[in-house]
Undergrad: 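Below is the structure I would like to discuss, written out as structure tokens.
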Amino acid sequence: MSTTDTNTTAPTQNRAPDFIRQAIEEDIASGRYGGRVATRFPPEPNGYLHIGHAKALCIDFGMAARYGGTCNLRFDDTNPEKEDVEYVDAIMEDIHWLGYDWGDRLYYASDYFGRLYDFAEQLIKAGKAYVCDLTADEVRGHRGTLTEAGINSRFRERSIEENLDLFRRMRAGEFEEGSRTLRAKIDMASPNFIMRDPVMYRIVKTPHHRTGTTWCIYPMYDFAHGQSDAIERITHSLCSLEYEIHRPLYEWFIRELGLYPTRQIEFARLNLTHTVLSKRYLRRLVDEGIVSGWDDPRMPTLCGMRRRGYTPEAIHAFLDRIGVAKTDSVVDFSLLEHCVRDDLNKRAARVMAVLNPLKVVIDNYPDEAVEQLEAVNNPEDASAGTRMVPFSKVLYIEQDDFREVPPPKYYRLHPGNEVRLRYAYYIKCTHVVKDADGAVVEVHCTYDPATRGGQSPDNRKVKSTIHWVSARHALDAEVRLYDKLFTAENPSFEREGGDFTASLNPRSLVTVNGAKVEPSLAGAKAEQRYQFERVGYFCADSMESKPGALVFNRTVSLKDTWAKIAQKG
RNA sequence: UGGGGCGUGGUGUAAUUGGUAACACACUUGACUCUGGAUCAAGUUAGUCUAGGUUCGAGUCCUAGCGCCCCAGCCA
């Protein structure tokens with residue numbers, strides 16, 4: 001976890017209350033839950049959290065915080081075939097990273113397996129549930145269609161005694177996986193599929209990551225979630241839109257069982273342009289080696305974004321701006337990038353780094369001289385202070401910052417032109433040295449000693465200020481330029497083949513090996529964030545950067561007005 | 001086709017709950033600047049899915065259409 005961040009759990013105040021806040025405020029006003037607010041964040045431990053989960057958990061934890069309530073963390077671990085402890089710790093780390101804490105309220109749906117089992121027997125005894133021997137295919141065949149009612153299972157009218165006996169034997173492991181299920185006896189003709197005698201329990205003989213082989217029957221989501229909410233006395237169970245259709249069943253179980261009447265409220269989940277946010281696709285990216293892992297800096301996972309250099313504050317700001325509503329929407333990736341830049345601009349220390357070095361020789365500068373020049377660490381934050389940067393006769397500048405033949409409106413270095421070296425001197429290009437192929441390998445300049453520090457006594461202006469590093473003092477670094485993983489706005493809609501990988505961006509990672517960075521970066525710590533002046537925001541890679549072998553990840557580029565001008569020609 | 005939900009600029013959210021469409025991102029132009037960054041200023045794009053209706057007045061209410069999303073896992 002980052003140690004330098006000032007994490008925040010405080011929700012933004014000055015925004016019109018969204019519909020969830022309105023609902024909660026109404027419930028508080030009416031005394032529906034005695035003025036209490038209790039929410040929960042219920043991840044399934046079968047993958048890593050991504051920015052979409054961040055929206056959900058910020059709503060869950062944020063609502064609780066706003067109304068002085070509590071938010072439980074509950075792992076929804078009812079499917080041993082898909083879940084693993086590997087994910088539990090990662091999920092907790094990510095929640096903490098976003099600045100939230102569940103105190104001592106860490107729960108697992110699997111903790112409730114015993115009570116859930118008792119609830120099931122309760123429904124059987126009330127004649128509201130039955131053991132069904134239909135195969136999965138038969139169940140599907142009995143379900144009906146959008147317009148036709150389903151048909152009742154031939155096992156629907158078993159006696160309570162038989163159901164009880166069978167269910168107990170299911171639990172005892174007497175039956176094969178898939179051979180029987182426990183189903184709620186509701187209405188096979190319901191226009192809502194979810195109510196057509198939904199499965200409550202299925203037989204699964206895979207060991208569970210927490211309960212081991214204690215159980216061989218597991219509750220379905222619908223038979224676990226609402227009851228878990230009720231057990232924890234959750235007042236507001238906030239979830240995404242696809243569960244709206246489950247609400248009648250959620251309430252049916254609670255009513256039939258006589259449990260705490262949690263209110264479920266649904267909101268639209270987050271969609272982002274140029275990315276995918278489904279576990280299935282994210283898993284494929286990892287499994288197929290398209291990215292290096294769940295924490296690849298191009299991934300929209302929280303661990304990936306953290307490694308990329310995103311801050312929790314930026315994510316909170318982003319989430320605050322997109323709001324909460326029930327409309328399906330797709331948020332522009334550029335809004336996220338804006339929030340990241342906005343945050344980093346205020347806090348990232350400025351340094352000079354040259355990604356594609358071009359040698360500059362100051363012909364009239366003393367051969368062996370070295371000067372230490374003062375540079376501002378952050379123009380947005382005076383308290384960040386200054387540092388000394390070494391200057392000498394031979395420097396590196398960015399290849400992009402020199403043109404032998406300048407295009408229109410180009411006012412960086414070119415023959416005859418004078419520019420400022422940031423915090424150093426004005427230099428004027430006199431001539432270049434080329435190699436056999438005609439490529440410029442050395443730019444020769446003269447400097448004006450009177451402009452030390454970057455100011456001219458005669459007040460003459462230079463149009464451009466460029467960054468540089470002293471050749472003999474510079475450190476080598478590897479720089480990873482990350483960009484959007486997909487070129488398509490909506491990758492999952494793309495292309496005839498129908499595969500979302502069709503729009504993978506071939507330049508989502510460009511590795512620069514010969515970068516030259518200023519010496520102050522020698523001790524860059526993991527996830528330490530910097531602005532490479534005029535280039536972008538970067539952070540030391542948490543996995544691979546070491547002293548002597550620095551690796552920096554580009555979090556996001558700086559806005560590049562020149563690129564736009566150049567593009568227009 | 002049954003059911004559930006949703007339609008406001010390129011994008012996302014607002015609109016004192018019936019009072020004359022706002023904020024942000026994006027985009028454009030300009031100012032300023034020791035980052036072509038940041039900042040500041042100005043500007044373009046909607047007459048609120050459509051058609052009727054109620055009303056002095058409708059994005060908000062009514063009616064009928066249209067469009068989009070979700071649901072036929074022993075996933076969550």
Side-chain angles (χ1 to χ4, degrees), chain A residues 15-16 18 42-44 46 76-79 81-83 132 134-136 139-150 177-183 190-196 198-204 217-218 220-222 224-225 239-248 266 268 273 279 318 321-339 341-342 345-346 350 352 375-376 379-380 409-412 420-424 426 451 453-455 461-467 489 531-536 557-566:
Chain A
R15 176 180 254 281
D18 55 68
E44 183 188 13
N46 71 340
D76 220 336
D77 55 351
T78 57
N79 184 354
E81 295 182 318
K82 293 193 174 174
E83 295 147 8
C132 180
L134 256 25
T135 65
V139 170
R140 197 172 307 122
H142 282 61
R143 191 147 24 225
T145 67
L146 292 180
T147 47
E148 301 159 34
E177 229 174 78
S179 62
R180 282 174 228 260
T181 56
L182 180 71
R183 302 175 67 183
S190 171
N192 181 352
F193 277 102
I194 302 297
M195 302 298 274
R196 321 246 259 224
V199 172
M200 295 160 58
Y201 266 92
R202 76 285 211 186
I203 300 170
V204 177
I217 56 172
Y218 291 90
M220 299 287 290
Y221 165 85
D222 284 309
H225 200 91
C239 61
S240 50
L241 248 29
E242 63 263 37
Y243 293 103
E244 203 150 25
I245 195 170
H246 290 253
R247 187 167 8 112
E266 311 85 8
T273 61
K279 276 183 190 168
F318 170 70
R321 291 196 200 202
I322 63 173
V324 182
K326 296 193 72 159
T327 316
D328 283 309
S329 58
V330 184
V331 178
D332 246 308
F333 196 83
S334 61
L335 179 60
L336 213 207
E337 292 192 322
H338 170 264
C339 291
R341 288 194 186 101
D342 189 49
N345 175 49
K346 293 177 212 141
R350 271 60 168 174
M352 291 195 284
V376 173
E380 305 290 323
K409 293 184 185 164
Y410 183 90
Y411 35 82
R412 274 114 94 148
R420 171 168 40 230
L421 292 176
R422 177 137 241 226
Y423 301 123
Y426 288 10
T451 59
Q455 278 151 55
K461 299 292 181 195
V462 286
K463 283 285 265 180
S464 182
T465 298
I466 65 175
H467 59 98
E489 277 207 357
Q531 183 196 99
F532 289 0
E533 293 218 33
R534 304 205 309 131
V535 180
S557 67
L558 242 29
K559 284 215 244 171
D560 192 348
T561 306
W562 165 244
K564 282 180 187 169
I565 296 169

Undergrad: Using a cut-off of 4.0 Å on non-hydrogen atoms, how would the nucleic acid contact of A:Tyr243 be classed: base, sugar-phosphate, or nothing?
TA: base

Undergrad: Check for a donor-acceptor pair, side chain of A:Thr78 on one end and backbone N or O of A:Met220 on the other, with a separation under 3.5 Å.
TA: no

Undergrad: Which label fits B:U17, syn or anti, where anti is any glycosidic angle not within 90° of 0?
TA: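 B:U17: syn.
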
Undergrad: When you get a sec, tell me which of B:C75, B:G5, B:A24 is the closest nucleotide to the side chain of A:Glu244?
TA: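 Out of B:C75, B:G5, B:A24, the nucleotide with an atom closest to A:Glu244's side chain is B:G5.
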
Undergrad: Which part of the nucleic acid does A:Leu558 contact within heavy-atom distance under 4.0 Å: base, sugar-phosphate only, or nothing?
TA: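 Counting heavy atoms under 4.0 Å across all strands, the contact made by A:Leu558 includes a base.
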
Undergrad: For B:U17, which nucleotide in any strand shown is its Watson-Crick or wobble partner with both distances under 3.5 Å?
TA: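 The base-pairing partner of B:U17, which may sit in any strand shown, does not exist here.
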
Undergrad: Could you check whether the side chain of A:Arg350 and the base of B:U35 have a donor-acceptor pair of N or O atoms closer than 3.5 Å, going by distance alone?
TA: yes

Undergrad: Check whether any side-chain N or O of A:Asp328 sits under 3.5 Å from a backbone N or O of A:Ala268 as a donor-acceptor pair, and report yes or no.
TA: no

Undergrad: Work out how far the C1' atom of B:A58 is from that of B:G19, and round it to whole angstrom.
TA: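 To the nearest whole Å, 10 Å.
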
Undergrad: Strictly below 4.0 Å: does A:Thr465 bring a side-chain N or O up to OP1 or OP2 of B:U33?
TA: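 False: A:Thr465 side-chain N/O out of range (4.0 Å or more) of B:U33 OP1/OP2.
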
Undergrad: Verify side-chain contact (heavy atoms from CB on, under 4.5 Å) between A:Tyr411 and A:Trp562, making sure each step is shown before the conclusion.
TA: CA-CA 10 Å; A:Tyr411 35 82; A:Trp562 165 244; over 6 Å; no

Undergrad: Please pick, from B:A38, B:C71, B:G36, the nucleotide with the shortest atom-to-atom distance to any side-chain atom of A:Asn345.
TA: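 Output: B:A38.
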
Undergrad: Within the distance-only criterion (no hydrogens, no angle test), does the side chain of A:Arg534 pair as donor or acceptor with the backbone N or O of A:Met352 below 3.5 angstrom?
TA: no

Undergrad: Could you walk me through whether A:Phe333 and A:Phe318 pass the ring pair (Phe, Tyr, Trp, His ring centres under 6.0 Å) check?
TA: CA-CA 10 Å; A:Phe333 196 83; A:Phe318 170 70; 8.5 Å; no

Undergrad: Looking at every strand, decide which applies to A:Arg321 at a 4.0 Å heavy-atom threshold: base, sugar-phosphate, or nothing.
TA: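 Sugar-phosphate contact only.
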
Undergrad: Does B:C75 pair with anything, Watson-Crick or G-U wobble, both distances under 3.5 Å, and if so, with which nucleotide?
TA: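 Here B:C75 is not engaged in any pair, so there is no nucleotide opposite it.
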
Undergrad: NA contact type, A:Pro42, heavy-atom cut-off 4.0 Å: base, sugar-phosphate, or nothing?
TA: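 Result for A:Pro42 = nothing.
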
Undergrad: Just by distance, do the side chain of A:Thr451 and the backbone of A:Tyr426 share a donor-acceptor pair under 3.5 Å?
TA: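 Such a contact is found between A:Thr451 side chain and A:Tyr426 backbone.
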
Undergrad: Of the candidate nucleotides B:C74, B:G36, B:C75, which contains the atom at the shortest distance from the side chain of A:Glu44?
TA: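 Among B:C74, B:G36, B:C75, the one nearest the side chain of A:Glu44 is B:C75.
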
Undergrad: Has A:Phe193 got its ring stacked on the base of B:G3, with centres under 5.5 Å and planes less than 30° apart?
TA: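 A:Phe193 ring does not meet the centre or angle cut-off for B:G3; no stack.
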
Undergrad: Check whether any side-chain N or O of A:Arg422 sits under 4.0 Å from OP1 or OP2 of B:G36, and answer yes or no.
TA: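 For B:G36, OP1/OP2 do not have a side-chain N/O of A:Arg422 under 4.0 Å.
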
Undergrad: When we call it a touch if two heavy atoms are under 4.0 Å apart, what does A:Phe333 touch: a base, just sugar-phosphate, or nothing?
TA: nothing

Undergrad: Taking pairing as Watson-Crick or G-U wobble with both contacts under 3.5 Å, can you name the mate of B:G47, or confirm there isn't one?
TA: none

Undergrad: Quick one: is A:Lys279 getting a side-chain N or O under 4.0 Å of the B:C75 phosphate, OP1 or OP2?
TA: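 Negative; the distance criterion is not met.
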
Undergrad: OP1 or OP2 of B:C75 less than 4.0 angstrom from a side-chain nitrogen or oxygen of A:Arg202, does that happen here?
TA: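 Answer yes for this pair, as a side-chain N or O of A:Arg202 is under 4.0 Å from OP1 or OP2.
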
Undergrad: Both distances under 3.5 Å, Watson-Crick or G-U wobble: report the partner of B:C68, or none.
TA: B:G5

Undergrad: Using the side-chain heavy atoms of A:Thr147, tell me which of these nucleotides is nearest: B:U1, B:G36, B:A76.
TA: B:U1

Undergrad: Check every atom of B:G2, B:C27, B:G36 against the side chain of A:Lys564 and return the nucleotide holding the closest atom.
TA: B:C27

Undergrad: Roughly how many Å apart are B:C75 and B:C6, using the C1' atom of each and rounding to a whole number?
TA: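 Those two atoms are separated by 25 Å.
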
Undergrad: Please give the distance between the P atoms of B:U44 and B:G10 as a whole number of Å.
TA: 15 Å

Undergrad: Where does B:G9 land, syn or anti, once you apply the within-90°-of-0 test for syn?
TA: anti

Undergrad: Please name the nucleotide paired to B:U33 by Watson-Crick or G-U wobble geometry with both distances under 3.5 Å, or report none.
TA: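 The base-pairing partner of B:U33, which may sit in any strand shown, does not exist here.
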
Undergrad: At less than 4.0 Å, is any side-chain N or O atom of A:His467 found next to OP1 or OP2 of B:U35? Yes or no.
TA: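 Result: no.
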
Undergrad: Between A:Lys559 and B:A38, is there a side-chain N or O to OP1/OP2 distance below 4.0 Å?
TA: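 Yes, A:Lys559 has a side-chain N/O under 4.0 Å of OP1/OP2 on B:A38.
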
Undergrad: If only side-chain N and O atoms of A:Thr561 are considered, is one of them under 4.0 Å from the OP1 or OP2 phosphate oxygen of B:G37?
TA: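 Yes, because at least one side-chain N or O of A:Thr561 sits under 4.0 Å from OP1 or OP2 of B:G37.
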
Undergrad: Below 4.0 angstrom from OP1 or OP2 of B:C74, is there any side-chain N or O of A:Arg143?
TA: yes

Undergrad: Considering only heavy atoms and no angle criterion, is a donor-acceptor pair shorter than 3.5 Å present between the side chain of A:Arg412 and the base of B:G36?
TA: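 Present.
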
Undergrad: What nucleic acid atoms does A:Leu134 come within less than 4.0 Å of, heavy atoms only: base, sugar-phosphate, or nothing?
TA: base

Undergrad: Just by modelled atom types, is the A:Ser190 backbone N or O under 3.5 Å from a matching donor or acceptor in the A:Arg196 side chain?
TA: yes

Undergrad: Tell me if B:G30 is syn or anti. Syn = glycosidic torsion within 90° of 0, anti otherwise.
TA: anti

Undergrad: Can you check the distance between B:A46 and B:C40, where both ends of the measurement are the P atom (answer in whole Å)?
TA: 27 Å

Undergrad: Assess the residue pair A:Arg180 and A:Ile217 against the criterion (side-chain contact (heavy atoms from CB on, under 4.5 Å)); give the C-alpha distance rounded to whole Å, side-chain angles, the decisive distance to 0.1 Å, and a yes or no.
TA: CA-CA 10 Å; A:Arg180 282 174 228 260; A:Ile217 56 172; over 6 Å; no

Undergrad: Looking at the side chain of A:Asp328, which of B:C69, B:C74, B:A26 is the nearest nucleotide?
TA: B:C69

Undergrad: Using a heavy-atom cut-off of 4.0 Å across all strands, would you classify A:Asp76 as base, sugar-phosphate, or nothing?
TA: sugar-phosphate

Undergrad: Any base atoms under 4.0 Å from A:Val330, or only sugar-phosphate, or nothing? Heavy atoms, all strands.
TA: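 Touches sugar-phosphate only.
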
Undergrad: On a whole-Å scale, what distance lies between the P atoms belonging to B:U11 and B:C27?
TA: 15 Å

Undergrad: B:A76, B:U39, B:C71: which one has an atom nearest the side-chain heavy atoms of A:Asp342?
TA: B:U39

Undergrad: Any idea which of B:U13, B:G73, B:G36 is nearest the A:Arg534 side chain?
TA: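 Between B:U13, B:G73, B:G36, the one nearest the side chain of A:Arg534 would be B:G36.
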
Undergrad: Quick one, A:Lys82 with A:Glu44, criterion salt bridge (charged side-chain N to carboxylate O under 4.0 Å, His left out). Give me CA distance, side-chain angles, the key distance, then yes/no.
TA: CA-CA 9 Å; A:Lys82 293 193 174 174; A:Glu44 183 188 13; over 6 Å; no

Undergrad: Is A:Thr78 touching bases, backbone alone, or none of the nucleic acid, heavy atoms closer than 4.0 Å?
TA: sugar-phosphate

Undergrad: Students often get this wrong, so: under 4.0 angstrom with heavy atoms, is A:Tyr218 touching a base, only sugar-phosphate, or nothing?
TA: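 Result for A:Tyr218 = nothing.
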
Undergrad: Taking any strand in view, what nucleotide pairs with B:A42 in a Watson-Crick or G-U wobble way, both distances under 3.5 Å?
TA: B:U28

Undergrad: If only side-chain N and O atoms of A:Arg341 are considered, is one of them under 4.0 Å from the OP1 or OP2 phosphate oxygen of B:G37?
TA: no

Undergrad: Counting any heavy atom closer than 4.0 Å, what does A:Arg183 reach on the DNA or RNA strands: base, sugar-phosphate only, or nothing?
TA: nothing

Undergrad: Should the side chain of A:His246 and the base of B:A76 be counted as holding a donor-acceptor pair, with the cut-off at 3.5 Å?
TA: yes

Undergrad: For a side-chain contact (heavy atoms from CB on, under 4.5 Å) check, start with the C-alpha distance between A:Glu380 and A:Arg350, then their side-chain angles and the critical distance, and finish with the verdict.
TA: CA-CA 10 Å; A:Glu380 305 290 323; A:Arg350 271 60 168 174; 3.8 Å; yes

Undergrad: Let me know the distance between NZ of A:Lys326 and C1' of B:C70, rounded to the nearest Å.
TA: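 Nearest whole value for this atom pair: 12 Å.
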
Undergrad: Considering every strand and a 4.0 Å limit on heavy-atom distances, what is the contact class for A:Val324: base, sugar-phosphate, or nothing?
TA: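 Answer is sugar-phosphate: A:Val324 comes under 4.0 Å of backbone atoms only.
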
Undergrad: Is A:Glu380 touching bases, backbone alone, or none of the nucleic acid, heavy atoms closer than 4.0 Å?
TA: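 Since a base atom lies under 4.0 Å of A:Glu380, the category is base.
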
Undergrad: Would you measure the distance from the C1' atom in B:U48 across to the matching atom in B:A15 and give it in whole Å?
TA: 11 Å

Undergrad: With sugar-phosphate meaning primed atoms plus P, OP1 and OP2, does A:Thr327 contact a base, only sugar-phosphate, or nothing at under 4.0 Å between heavy atoms?
TA: sugar-phosphate

